[in-house]
Amino acid sequence: MRSLLPILSVAGLASACQRDFDAPRHSHRKPLLRRETQWPPVLSKHETILTNSFDSNSIDDWANYYGHEVKLAGLGKKAAEWTRDRWAENGVDASLAEYQVYLSYPLHQSLAVTYANGTRSEVKIQEDALEEDDVTGRPDNQPTFHGYSASGNVTAEYVYVGRGAGPDFERLVELGVKLDGKIALIRYGGLFRGLKVKNAQDHGMIGAVIFTDPADDGNITVAKGVAAYPDGPARHPDAVQKGSVLFLSTYPGDPTTPGYASHEGVPRTDTSSVTPKIPSLPISYRAAQPLLQALDGHGLEPQAVNRSNWKGALEAEYRTGPAPGVKLSLDNLMEGKITPIWNVIGVINGTNPDETVVIGNHRDTWMIGGTGDPNSGSAILVELTKALKKLGKAGWKPKRNIILGSWDAEEYGMVGSTEWVEDHVSWLKDTVVAYLNIDVAVSGPRVGLGATPELHTIATELFKKVIHPNFGAYNISLYDAWQSNAGGEARVEPLGSGSDFTAFLHTGISSLDVGSGNGPKDPVWHYHSNYDTYHWMSTYGDPGFHMHAAMGQYLSLLAYHLVTDTIIPFDIPVYTTELESYLEELNETIEASGEEIDTAPIAKAIAVFGKAADAISALAKKAEKSKDHRLVKLINTKYRDFQRGFVSQGGLPNREFYKHVVTAPGLDTGYAAVTFAGVTEGVQYGNYDVAREWVGKVAGGILRAAEILAV
Ligand SMILES: *[C@@H]1O[C@H](CO)[C@@H](O)[C@H](O)[C@H]1NC(C)=O
Ligand SMILES: *[C@@H]1O[C@H](CO)[C@@H](O)[C@H](O)[C@H]1NC(C)=O
Ligand SMILES: *[C@@H]1O[C@H](CO)[C@@H](O)[C@H](O)[C@H]1NC(C)=O
Ligand SMILES: *[C@@H]1O[C@H](CO)[C@@H](O)[C@H](O)[C@H]1NC(C)=O
Ligand SMILES: *[C@@H]1O[C@H](CO)[C@@H](O)[C@H](O)[C@H]1NC(C)=O
Ligand SMILES: *[C@@H]1O[C@H](CO)[C@@H](O)[C@H](O)[C@H]1NC(C)=O
Ligand SMILES: *[C@@H]1O[C@H](CO)[C@@H](O)[C@H](O)[C@H]1NC(C)=O
Ligand SMILES: [Zn+2]
């Protein structure tokens, strides 16, 4: 999955397998912007060895391998073993870590529409095989389906509900649109797809069909004269976005084992709090168009609904319907089972056993390809092991342990990484300094970054050391490309969910998520479609694999500094500044609600945190100079541990998994972060007592973190 990407009119939510199309950002290219970066970037000897080691030709080979293997969760043992063997060739102690998890697989899917005149027509739900793209026609490819969707065979009139966010449904209820007993026709984008299905279910709807809308592709569309894949960079009209419909914002991981690892023989719980009861299917924009058109003239017009992102770019009025007598028949038969999955875990011991950096990416895909999501990241991890081996030959030894994770079953809901974290939670709490995630490393040229605040400085400084290989006709640094794309206003995003950093972050571990995506002028990436392939990547996404090499260089520098620098390269005072800005936003949210809620305890806690941050940061500078062993150890221990304070207050209301008091996926977003979620969502949903209670818990978490930092 992914949530990170700056795209299109697009907000960059750095993180997992997903994209948020809803927050338009000003963007224009200024190819020669080199304001921030010393040019050419100056690298140390070790940094040079690392960056020179990244070879776009061998990354191309790894991408080619992954792009032709079956890797659907639970079916990808061969690719797991291959990954283990490549890492091992480069001196990493690598092995498979197996878990027994609940997954679901498609048995039979069909969709038909019956018009008022009685004509019934099958809706095409599969994606065509393309002659130019070898893997799209393979018999072992998967049909289109939704992971964890409910089995069901339903026939009913249908209602178009926009993106299917909570407020979309509230508005329809307010306007008197009858939802009960109908099927929802929902547009992809914005919130995580499982929450769209949840919202439909919560409003009495009996099925959901989610379609891709070409409006999210801006000007790179067939309607605007651009040829579609495989002939050009526009989206193939039949492309379907598969994906999980887990209720991600409640808890990720194996839905039958919340809070503990899925070993053989453990007790299993009912999954109904996180998996839908109503069936759903994804469809393409070509398949959606006649369904929308059949609603023309029926129900409310977009202006009357007055919700953002309601009207898309298909030739239809985008009315709500229902159209009397026009019905969908949705038949979805799934097979659920407990089945093995395989994480690959690689270990490089550091000289200090008490400090560890985990670097990970998932390996599983919905289709045979998945060359953008996630195998751009998987290919980079293989190349990273090669680079670390070269550095070792030059005499380098990591101070801190490096753990590499190639996670399985991320697509169903971060299952492999969550079970692994639950399995090793006490060791992780004792030793982990940071988790670095690279999921969709490359699906276009625009970098996106999400991280906990103490990592902002190192993460953006290292952007300046890597050359962006194809920024228009010029090569500039990743940093300047990042800023240029955002009109100079790029910022590191807070982490929501949608990729494998989730379980780490909510264990109180500093986390970072990096990737790159397509902008308004770039080839459209076929997210979660059978057309996210090696052929697409080598033809449109990243011909020559130079962007892959750049993202790999960046990850290697980050990993290198985190495991090598005498003082862990955290900038704690940035955390204070971020907390202050989150509080400002919270105060505005409260003010807009009209309710009186005193957030002074949070303001006071931030002040205490700020003092501790400044003091330890000053002491860290001294320790860096003096190299006083005991002082270095003291500071690194506090840096490693301070985030644990933010998870010290118990989990969020009704979703205990999410423990971080500062940042969490929104209940109704899934991908995007909500800061101070306990208070913010208390206000948002009118639960003011909960909000007041959470003012105390947020302050408590911040004070606990400050206490750990105090010197
Ligand atoms: C019934 O209506 C559909 C949709 O308007 C149309 O495509 C089809 O040709 C009609 N069938 C008959 C028999 O009129
Ligand atoms: C689904 O329901 C329809 C109508 O109720 C029925 O004709 C069809 O056979 C059912 N499909 C399956 C696979 O049971
Ligand atoms: C699409 O093209 C129009 C006309 O050139 C331009 O005004 C608009 O900003 C473009 N949209 C995007 C998303 O680039
Ligand atoms: C549409 O909604 C916005 C707020 O989201 C409001 O300001 C505006 O007045 C509404 N327009 C109509 C026609 O109701
Ligand atoms: C790494 O260290 C652990 C704990 O000391 C030890 O059990 C393991 O064998 C070591 N692994 C390697 C590859 O040296
Ligand atoms: C940009 O970088 C690529 C790959 O690193 C290189 O092949 C190309 O010559 C560079 N272009 C310019 C204009 O420097
Ligand atoms: C937020 O509001 C509280 C009072 O509720 C106040 O103490 C604090 O200074 C405000 N902080 C910011 C950043 O606006
Ligand atoms: Zn992914």
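Note that ligands are numbered from 1 as they come in the structure, with each ligand's atoms numbered from 1 the same way. All values below come from the heavy atoms of this structure, side chains included, with hydrogens, waters and symmetry mates left out.
Ligand 3 places these atoms under 4.0 Å from at least one heavy atom of P520: 14 (O). Which parts of ligand 3 touch N219 is read off a 4.0 Å heavy-atom cut-off, strictly below it: atoms 1 (C), 2 (O), 3 (C), 8 (C), 10 (C), 11 (N), 12 (C), 14 (O).
Salt-bridge formation is detected for the pair K124/D238: a Lys NZ or Arg NE/NH1/NH2 atom is positioned less than 4.0 Å from an Asp or Glu carboxylate oxygen. The pair D168-R187 does not count as a salt bridge, with every side-chain nitrogen at least 4.0 angstrom from each carboxylate oxygen. Using a 4.0 Å cut-off between a side-chain N of Lys or Arg and a carboxylate O of Asp or Glu, R692 and E595 qualify as a salt bridge.
The shortest side-chain heavy-atom distance between E493 and L449 does not fall under the 4.5 Å cut-off.
Considering backbone and side-chain N/O of T119, one or more are found under 3.5 Å from N/O of ligand 1.
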Are any protein N/O atoms closer than 3.5 Å to the N/O atoms of ligand 7? If there are, list each pair with names and the distance to one decimal place.
from, atom 1, to, atom 2, distance (Å)
ligand 7, 2 (O), N587, OD1, 3.1
ligand 7, 2 (O), N587, ND2, 2.4
ligand 7, 2 (O), T599, OG1, 3.0
ligand 7, 5 (O), D598, OD1, 3.4
ligand 7, 5 (O), T599, N, 2.9
ligand 7, 5 (O), T599, OG1, 3.2
ligand 7, 11 (N), N587, ND2, 2.9
ligand 7, 14 (O), N587, ND2, 2.9

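The distance from atom NE2 of H548 to atom CE of M537, rounded to the nearest 0.5 Å, is 4.5 Å.
With hydrogens and angles left out, the side-chain atoms of N475 and H468 include no donor and acceptor closer than 3.5 Å.
Minimum interatomic distance between P324 and A116 (heavy atoms only, all atoms of both residues): O-CB, 3.9 Å.
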